[in-house]
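Below: the structure, in structure tokens.
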Amino acid sequence: MLKGKHIILGITGGIAAYKSVTLLRLLVKAGAEVQVVITPSGKEFITPVTLSALSGKPVVSEFFTANTGQWNSHVDLGLWADAMVIAPATASTIGKMANGIADNMLVTTYLSAKAPVFIAPAMDLDMMAHPSTVTNIERLRSYGNHIIEPASGELASHLVGKGRMEEPEKIVEILDRFFDSQGKLNGKNVLITAGPTYEKIDPVRFIGNYSSGKMGYALAEEAALQGANVTLISGPVSLKAVHPAIKVIKVESAREMCDACVSEFPTSDIAIMCAAVADYAPETVHDRKIKREHDDTPVIRLIKNPDIAATLGKMKQEGQYLVGFALETDSELKNATEKLQRKNLDMIVLNSLKDKGAGFGTDTNKVTLITADGNQQKSDLLPKRQIAELIIDSLSNL
Ligand code: CTP
């Protein structure tokens, strides 16, 4: 997919700059046209001669070429590119990019770039964990940039931790996949529910569950990256959606979530029911705190909540796709298939609580995707973001 693509490779001053040479070679080998832009401190780590020989283009570093006085136009470069990759991205460059400090050619080019930008941080583990770096990376993410998470391992300081620039092969794979899948959900309206619901008992208590919302938020980010307009109907969670194409509607109870879904579904092409909806709610909500000095132990009577997925299943029109989740502890496949049919879903994502690292609160998940025509696809135990990619991929195949 990289054949003929115009890539700006931004290199900054970190030890991992040696990996940029391999990255450049791999990009050129894949058929991309690469323009290297290097910061002044990047040149301390790797010479422009090597980079220009491999890219077949003069390396850009200064605003003016010293001997000719020719102006290097960051605006033209920004327009030329199909993608910009900054690898390695040091804490300092990340800070400048996040705050618009355009004191070198790389940051001015970044600020002018119209194309998607991929940032591969590389630094020592303590710098990586510092709140200012964390905030700057989050800010860059919220501007729609793609962060290529650094891996954990031995660092240049010989300390072991998170901060190693992702391997060049992996970066090429990420770019390749991006161009391959770009716009798989272009212009589609995607509705996603996420998180738990809270069912009020009295002003200070509720019935809830352990759902963290991580899977639903990962799905929302992935769908947005694939060009979708996402409406994320979220129960109470401590997460924030970062992609600008995600509209968040916050709700608390299953009833509120259901009302929001029913009003949004008619204009949705795809709905993914990822929330862990409470099946029951207290019949009466006390308007004052239930006090301890009761003569009897209080009894809370529960009533059934609406089944949101089944409600949308009944509303579903030709051309709309409805996806559900099933969290099971036993007879997993049988139960999930029954749910798929009962709720009129097109696909169900089964996770079993028997699988270690899958389900609630974890950063990973292991799923089986079951489609209405009986197809099954099993995943390994993967980060939730990768599970989200898998779900969006197989959905776009549907
Ligand atoms: N779901 C829903 N509304 C509910 C309950 C569940 O929309 N009131 C959705 C979930 O978001 C999920 C799917 O239905 O996509 C299955 O949820 P799950 O809790 O596994 O199933 P239930 O239908 O609640 O059945 P049970 O609790 O008996 O397993």
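Counting convention: from 1, in listed order, for ligands and their atoms alike.
Near ligand 1, M273, A275, V277, D279, P306, D307, I308, A309, G324, F325, A326, L327, K339, K343 each place a heavy atom less than 4.0 angstrom from the ligand.
Checked by atom type and distance alone, the side chain of D380 never pairs as donor or acceptor with a backbone atom of L382 at under 3.5 Å.
Atom NZ of K188 has 12 or fewer heavy atoms from other residues, nucleotides or ligands within 6.0 Å.
Ring-plane geometry between H146 and F178 is classed as perpendicular, the angle between the planes exceeding 60 degrees on a 0 to 90 degree scale with a lower cut at 30.
Remark: F206 pairs with Y198 by the ring pair (Phe, Tyr, Trp, His ring centres under 6.0 Å) rule, at least two apart or across chains.
Between P282 and R301 there is no side-chain heavy-atom pair separated by less than 4.5 Å.
A salt bridge links K214 with D363: the distance from a Lys NZ or Arg NE/NH1/NH2 to an Asp or Glu carboxylate oxygen falls below 4.0 Å.
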